[in-house]
There are 2 protein chains.
Amino acid sequence: MNNSQKHTAVSSKTVGRLSRYRRLLRQCREQEDCLFSHRLAELAGVTPAQVRRDIMAVGYSGSPSKGYEIKTLLQHIDNFLDPPIRQPVALVGVGNLGRAILAFFAGRRPKLKIVAAFDKDPHKADRVIVGCRCYPVEQLADIMQNHGITIGIIAVPASAAQETAAALVASGATGILNFAPTPLRVPATVYVEDIDLTTSLDTVAYFARSTREPSLERST
Amino acid sequence: MNNSQKHTAVSSKTVGRLSRYRRLLRQCREQEDCLFSHRLAELAGVTPAQVRRDIMAVGYSGSPSKGYEIKTLLQHIDNFLDPPIRQPVALVGVGNLGRAILAFFAGRRPKLKIVAAFDKDPHKADRVIVGCRCYPVEQLADIMQNHGITIGIIAVPASAAQETAAALVASGATGILNFAPTPLRVPATVYVEDIDLTTSLDTVAYFARSTREPSLERST
DNA sequence: AATTATCTGTGAAAAAAATCACAATATCAA
DNA sequence: TTGATATTGTGATTTTTTTCACAGATAATT
Ligand SMILES: NC(=O)c1ccc[n+]([C@@H]2O[C@H](COP(=O)([O-])OP(=O)(O)OC[C@H]3O[C@@H](n4cnc5c(N)ncnc54)[C@H](O)[C@@H]3O)[C@@H](O)[C@H]2O)c1
Ligand SMILES: NC(=O)c1ccc[n+]([C@@H]2O[C@H](COP(=O)([O-])OP(=O)(O)OC[C@H]3O[C@@H](n4cnc5c(N)ncnc54)[C@H](O)[C@@H]3O)[C@@H](O)[C@H]2O)c1
């Protein structure tokens with residue numbers, strides 16, 4: 001019981017893809033028992049070599065003849081991705097996006113669930129929003145420490161994002177999923193993943209223009 | 001009036017960062033007239049060299065003494081990122097997430113706005129949801145072609161994502177922003193950007209565990 | 001006007017990520 | 001048993017992305 005994280009430092013890209021593989025594998029485990037790297041690659045939209053490399057990280061070997069046994073591979077990925085015990089999550093900002101996020105994660109993943117939501121609006125505090133208890137932000141530190149929360153999701157307006165990040169970190173967060181369109185200033189020991197809709201849409205728009213060949217369309 | 005896209009093919013990473021720079025620059029253009037690469041780098045959370053490289057893509061040169069003139073740089077970034085005329089967007093799936101997205105983009109970007117939303121639920125069709133007209137999915141092809149829509153946002157359940165993507169592409173989409181946790185199968189000429197919450201949260205959770213050093217905390 | 005200090009723009013180098021390509025291995029057909 | 005075939009795991013290679021580092025530029029200072 002000593003392995004886990006020291007192999008060669010797995011990249012966040014690989015971790016992300018493993019998460020995606022996991023979902024795909026769960027879907028197809030009813031139909032199939034085993035699959036080959038090229039099959040999983042096709043499902044995931046990556047190359048077979050990429051799949052094999054990624055799978056190396058979880059310490060499981062397939063057989064050249066049958067490929068990967070889905071059940072076992074899933075166990076290995078779960079073991080790699082899932083927290084050993086439990087890793088509760090806090091959501092800050094119960095607005096439009098916050099509620100959608102609560103709805104999205106509700107009832108999934110027992111080990112990685114949103115156990116508390118916070119909002120500075122008193123109307124939202126002390127209620128159960130989508131099955132999740134909502135508290136006033138003032139109680140953030142207390143409740144995070146009570147629950148042992150180490151992950152925060154930021155869904156507050158950009159203007160409040162930095163202070164929210166600071167509060168989360170001060171209360172023990174070591175990972176943050178940030179939806180506010182602001183780069184967060186946090187200690188280097190804290191892992192931040194930004195999800196920036198504007199940036200994503202700008203990027204899609206840019207490549208939607210250049211991806212289309214010279215002449216086309218103009219239907220009747 | 002010939003330049004724009006053929007320089008050396010700008011990467012999506014650069015495009016994304018330019019979008020981020022733009023937002024930051026807009027914020028600080030009240031306080032400052034000019035800034036240096038290291039200042040913008042600090043704001044954006046990247047290195048100064050990265051900023052300078054990215055800015056090369058928009059064809060603007062700063063002065064070694066004063067840095068970049070914010071107003072002019074913004075013009076160049078706008079010119080680079082924004083569509084020449086107008087690039088209307090369609091949203092498919094007006095559920096929790098869809099409504100949050102409509103709210104988020106409402107009233108911004110005249111050139112890049114969501115002009116139509118679609119849902120298969122008749123209760124949602126033919127209404128104005130957050131300032132955006134909502135139609136039954138059956139009208140997707142017609143309305144996309146009427147409006148000349150080339151960008152689609154997918155916010156339908158995963159099970160309907162592939163068919164939605166196919167419908168979008170068939171109706172002229174060349175770029176898709178996909179929130180459904182499913183890899184989309186589309187022609188290579190269509191640019192797809194996936195936003196996968198589960199994957200993102202898994203990644204944060206993974207690094208939230210390994211990012212913290214051996215011993216710490218346990219405050220009173 | 002010379003000196004100093006500091007920046008940009010960019011070729012070159014480094015680092016990171018993806019892909020190639022092949023030995024090792026397993027299976028099957030004859 | 002042998003040969004043909006197909007796949008894995010991974011070292012080597014390629015490609016992509018980031019960073020380095022410095023020539024050239026600009027302004028302030030003496
Ligand atoms: N709506 C979307 O689809 C979307 C998408 C991407 C990003 N975002 C970003 O996510 C954030 C939230 O978006 P939204 O649409 O839900 O906005 P919203 O205004 O609907 O919700 C924001 C919520 O945060 C609460 N809040 C404000 N300051 C707070 C603080 N200091 N502490 C705790 N709670 C606080 C508000 O009371 C409100 O309930 C914004 O930064 C937005 O830019 C939104
Ligand atoms: N809620 C979130 O925060 C969140 C976050 C990330 C990703 N997602 C993903 O986004 C998608 C939507 O999530 P949601 O929470 O809004 O779900 P939701 O169930 O609230 O909304 C889905 C909507 O899509 C409509 N729909 C279903 N099939 C359709 C079809 N074929 N054509 C047009 N409309 C159709 C439904 O009528 C419904 O209104 C899901 O794939 C989900 O996994 C959601």
Side-chain angles (χ1 to χ4, degrees), chain A residues 3 7-21 25 32-70 72-73 76-77 80 183 188 191 193-194 199 203 206-207, chain B residues 3 7-21 25 32-70 72-73 76-77 80 183 188 191 193-194 199 203 206-207:
Chain A
N3 60 339
H7 271 286
T8 10
V10 178
S11 76
S12 68
K13 300 238 183 172
T14 291
V15 173
R17 281 188 303 260
L18 285 169
S19 170
R20 175 168 279 215
Y21 299 157
L25 290 168
E32 307 157 81
D33 276 357
C34 295
L35 49 51
F36 295 115
S37 62
H38 59 79
R39 171 93 179 102
L40 182 50
E42 191 194 8
L43 292 171
V46 301
T47 64
Q50 183 81 84
V51 166
R52 297 202 295 274
R53 269 266 183 264
D54 290 336
I55 288 178
M56 284 176 69
V58 305
Y60 168 66
S61 281
S63 108
S65 46
K66 301 197 297 171
Y68 302 97
E69 199 186 332
I70 295 182
T72 316
L73 176 54
H76 280 257
I77 296 180
F80 179 86
Y191 182 87
E193 180 121 348
D194 292 300
T199 283
T203 306
Y206 179 85
F207 287 104
Chain B
N3 59 339
H7 271 287
T8 9
V10 179
S11 76
S12 69
K13 301 236 183 173
T14 292
V15 174
R17 281 189 302 260
L18 285 169
S19 170
R20 174 168 279 212
Y21 299 156
L25 290 168
E32 307 157 79
D33 275 359
C34 296
L35 48 51
F36 294 115
S37 63
H38 58 79
R39 172 94 180 101
L40 182 51
E42 190 194 9
L43 292 172
V46 300
T47 63
Q50 183 81 84
V51 166
R52 298 202 295 274
R53 271 266 180 256
D54 290 335
I55 287 178
M56 283 177 69
V58 305
Y60 169 67
S61 281
S63 109
S65 45
K66 302 197 296 171
Y68 303 97
E69 199 186 329
I70 294 180
T72 317
L73 176 53
H76 280 256
I77 296 179
F80 179 86
Y191 182 88
E193 180 119 349
D194 291 300
T199 283
T203 306
Y206 180 85
F207 288 104

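In what follows, chains carry the letters A, B, and so on, assigned in the order in which the sequence lines appear, proteins first and then strands, with residues in each chain numbered from 1.
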Task: Along DNA chain C, first and last positions that approach a heavy atom of chain B under 4.0 Å - done: C:dC7 to C:dA12
TODO: Between A:Ser37 and B:Thr14, name the one whose nearest nucleotide on DNA chain D is closer to the 5' end.
DONE: A:Ser37
Task: Whole angstrom value for the distance that separates P of D:dT8 from NE2 of A:His76 - done: 16 Å
- [ ] Verify the contact: side-chain N or O of A:Ser61 to OP1 or OP2 of D:dT8, cut-off strictly under 4.0 Å; return yes or no.
- [x] no
Open item on the list: Once you apply a heavy-atom cut-off of 4.0 Å, does A:Arg17 come out as touching a base, just sugar-phosphate, or nothing?
Closed with: sugar-phosphate
TODO: Quick one: sort the B:Tyr60 and B:Tyr68 rings into parallel, tilted or perpendicular, breaks at 30° and 60°.
DONE: tilted
- [ ] Take the protein atom NZ of B:Lys13 and the nucleotide atom P of D:dT18, then report the distance between them rounded to whole Å.
- [x] 5 Å
Task: Quiz item: A:Arg53 side-chain donor-acceptor pair to D:dG11 base, under 3.5 Å - done: yes
TODO: Can you tell me the distance, in whole Å, between the NZ atom of A:Lys66 and the P atom of D:dG9?
DONE: 14 Å
Task: Nearest-Å distance for atom pair CE/P, residues A:Met56 and D:dG11 - done: 7 Å
TODO: Please determine, by modelled atom types, if A:Thr199 and B:Arg20 share a side-chain donor-acceptor pair under 3.5 angstrom.
DONE: no
Open item on the list: Pick the closest DNA chain C nucleotide for A:Ser63 and for A:Val46 by heavy atoms, then say which residue is nearer the 5' end.
Closed with: A:Val46
Open item on the list: So, OP1 or OP2 of D:dG9: does either fall under 4.0 Å of a side-chain N or O from A:Arg52?
Closed with: no
Task: Side-chain heavy-atom pair B:Thr14, A:Tyr206 within 4.5 angstrom cut-off - done: no
Task: From A:Leu35 atom CG to A:Glu69 atom CD, the distance as rounded to the nearest 0.5 Å - done: 11.0 Å
Open item on the list: On DNA chain C, does the nearest nucleotide to A:Ser12 precede the nearest nucleotide to A:Pro64 from the 5' side, or the other way round? Give the residue.
Closed with: A:Ser12
Open item on the list: Expressed as a whole number of angstroms, how long is the span from A:Ile55:CD1 to D:dT8:P?
Closed with: 8 Å
TODO: Kindly compute the distance separating CG (A:Leu40) from CZ (A:Arg52), expressed to the nearest 0.5 Å.
DONE: 11.5 Å
TODO: With side-chain contact (heavy atoms from CB on, under 4.5 Å) as the test, would you mind laying out the steps for A:Phe80 and A:His76 before giving the verdict?
DONE: CA-CA 6 Å; A:Phe80 179 86; A:His76 280 257; over 6 Å; no
Task: Spacing between A:Leu40 atom CG and D:dG9 atom C1', to the nearest angstrom - done: 16 Å
TODO: Measure the distance from CZ on A:Phe36 to C1' on D:dT7 and round it to the nearest whole Å.
DONE: 6 Å
TODO: Using whole Å, report how far CD of A:Gln50 lies from C1' of D:dT16.
DONE: 13 Å
TODO: Evaluate the ring planes of A:Tyr191 and B:Phe207, with Trp represented by its six-membered ring, and classify them as parallel (under 30°), tilted (30 to 60°) or perpendicular (over 60°).
DONE: parallel
